[in-house]
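To start, the structure itself, in structure tokens.
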Amino acid sequence: MQINENYQKLPGSYLFSEIARRTAAYSAANPDKTLIRLGIGDVTRPLPQAVLEAMHRAVDEMGAAETFRGYGPEQGYDFLRRAIVEQDYLPLGVCLEEDEVFVSDGAKSDCGNIGDLFGPDNVVAVCDPVYPVYVDTNAMAGRAGDYCARSGKWSKLRYMPCTAENGFTPALPEEKVDIIYLCFPNNPTGAVATREQLAAWVKYANEQDALILYDSAYEAFITQPDVPHSIYEIEGAKTCAIEFRSFSKTAGFTGTRCAYTVVPRQLQRGGAGLNGMWNRRQCTKFNGVPYVIQRAAEAVYTPEGRRQIQENISYYQRNAQLIYQGLKGAGLTVSGGINSPYIWCKTPDGLGSWEFFDRLLERANVVTTPGAGFGPSGEGYIRLTAFGEYRATQEAVERVCAVL
């Protein structure tokens with residue numbers, strides 16, 4: 001018996017697990033301290049009432065023989081896929097077929113599982129800093145090579161620096177790459193891409209026979225009218241891009257688990273249609289999202305559901321502005337927070353990311369996320385989330401400013 005030795009190459013622990021470990025250790029040693037958590041991007045507002053009512057109705061259906069449902073379609077029920085096509089994409093001028101939408105239990109799962117479609121020798125490009133799942137899942141599959149603790153990089157990955165100098169948006173690769181991970185609005189920096197920038201990526205991918213994996217999980221937080229919500233708003237994207245979206249942050253489904261991935265039928269690579277490949281993968285390895293959850297997600301698209309989730313989004317956007325303005329007023333260099341629920345903050349006095357994390361944890365009793373955990377270019381930054389309760393967020397900003 002042999003194990004997958006790529007797991008032995010993974011450094012330490014998953015970023016958010018390490019944050020949880022340090023936070024728990026501090027709390028155990030200081031039980032009298034009250035922590036405010038602005039680290040992990042978990043929502044705090046309850047599920048909208050329209051969603052709860054839909055869940056209750058679906059639960060009642062499951063209790064009657066006439067309306068009980070067992071195994072559902074692995075791709076998702078038609079009623080939810082239809083709502084997604086008609087209400088998420090048609091208003092953007094994007095025409096999709098229902099069988100191009102695959103409902104799942106989370107964008108994180110899909111971002112990792114999509115790698116099942118790719119061979120081990122593809123050249124993978126990631127933004128730096130980057131959501132750790134993109135990197136770690138490729139490392140587990142052997143596409144990342146070996147990890148260098150000194151540089152914080154994997155030998156086979158191509159890192160695209162996203163720094164203050166380039167507005168935290170990556171430049172096109174100077175060498176050919178096969179798979180490109182893009183996330184806009186970006187996690188962790190909060191940066192967005194213009195239509196012109198996305199058009200350049202689409203042109204590159206089509207010309208180079210590359211594939212874009214586009215994570216738009218935070219598109220609901222876009223406030224500026226000229227910022228694209230989907231890569232499919234760009235002409236030619238259906239022949240080079242897969243898009244991931246989630247109900248987690250928009251409708252509070254972090255604990256309820258529902259998302260979807262769009263794989264256009266026009267997308268062909270290696271003589272095969274990726275839509276059919278993903279369908280085959282899901283039918284083999286996934287039994288679908290529960291009926292009750294999909295009915296809850298469908299309720300997001302009702303007029304009342306739309307209104308209620310927008311209230312929650314506005315609540316978090318208010319938190320984002322509070323953090324952004326508070327830290328900026330304290331003399332820190334900050335970005336994000338306008339089209340994103342995340343604020344990207346440069347550490348003061350040349351402090352390292354984990355050093356500043358520990359300082360805020362111990363002196364302000366505020367939990368953040370060290371930028372170094374997102375990649376080499378994240379060193380010297382921390383990420384703060386706007387998903388907390390408003391008064392707690394307000395107090396957290398006051399505490400951080402007092403420490404500074």
So which heavy atom on [X] is nearest to which on [Y], and how close?
X    : Y    : value
L404 : L332 : CD1-CD1, 3.4 Å
C183 : Y134 : CB-OH, 3.5 Å
A372 : S353 : N-OG, 3.3 Å
A364 : V403 : CB-CG2, 3.6 Å
D105 : F286 : N-CZ, 4.0 Å
C111 : T137 : O-OG1, 4.3 Å

Measure from NZ or CZ of [X] to the centre of the six-membered ring of [Y], then state whether that distance is under 6.0 Å and the direction lies within 45° of the axis.
X    : Y    : result
R45  : Y316 : no
R143 : W154 : no
R295 : F79  : yes
R245 : Y89  : yes
K346 : Y381 : yes

Assess, by modelled atom type and distance only, whether the side chains of [X] and [Y] contain a donor and an acceptor separated by less than 3.5 Å.
X    : Y    : result
Y260 : D110 : no
E389 : T393 : no
K249 : Y218 : yes
Y26  : D358 : no
E304 : T302 : no
Y131 : N186 : no
E243 : S230 : yes
E100 : N275 : no

- [ ] Identify which one of L322, N319, I36, I323 satisfies the side chain to side chain contact (heavy atoms under 4.5 Å, CB included) criterion when paired with Q394.
- [x] L322

Task: Matching residue for C127 among T169, L182, I180 - test: side chain to side chain contact (heavy atoms under 4.5 Å, CB included) - done: L182

Within 6.0 angstrom of [X] [atom1], more than 12 heavy atoms from elsewhere:
X    : atom1 : value
R318 : CZ    : no
E5   : CD    : no
R195 : CZ    : yes
K176 : NZ    : yes
K156 : NZ    : yes
K9   : NZ    : yes
R37  : CZ    : no

Open item on the list: Determine whether E18 and R22 satisfy the following criterion, salt bridge (charged side-chain N to carboxylate O under 4.0 Å, His left out), listing intermediate values before the conclusion.
Closed with: CA-CA 6 Å; E18 176 62 17; R22 293 195 186 201; 2.8 Å; yes

Task: Set of ring pair (Phe, Tyr, Trp, His ring centres under 6.0 Å) partners for Y315, sequence neighbours left out - done: none

Task: Ion pair R391/E395, N-O distance below 4.0 Å - done: no

- [ ] On the 0 to 90° scale, with breaks at 30° and 60°, tag the Y291-Y77 ring pair as parallel, tilted or perpendicular.
- [x] perpendicular

TODO: Can you label the angle between the F184 ring and the Y214 ring as parallel, tilted or perpendicular, going by 30° and 60°?
DONE: tilted

Would you say that [X] contacts [Y] through its side chain, given a criterion of any heavy-atom pair below 4.5 Å between the two side chains?
X    : Y    : answer
K285 : N113 : no
V177 : V124 : no
E233 : V94  : yes

TODO: Any chance you could lay out the side chain to side chain contact (heavy atoms under 4.5 Å, CB included) test for N138 and Y181, step after step, and finish with the verdict?
DONE: CA-CA 11 Å; N138 276 286; Y181 286 82; 2.9 Å; yes

TODO: Measure the spacing between CZ of R82 and CD1 of I84 and express it to the nearest 0.5 Å.
DONE: 11.5 Å

TODO: Check the pair E61, R57 against salt bridge (charged side-chain N to carboxylate O under 4.0 Å, His left out), reporting the backbone distance first and the verdict last.
DONE: CA-CA 6 Å; E61 289 182 49; R57 288 193 297 270; over 6 Å; no

TODO: Could you check Y71 against N287 for side chain to side chain contact (heavy atoms under 4.5 Å, CB included), going step by step and ending with a plain yes or no?
DONE: CA-CA 7 Å; Y71 289 125; N287 260 352; 3.5 Å; yes

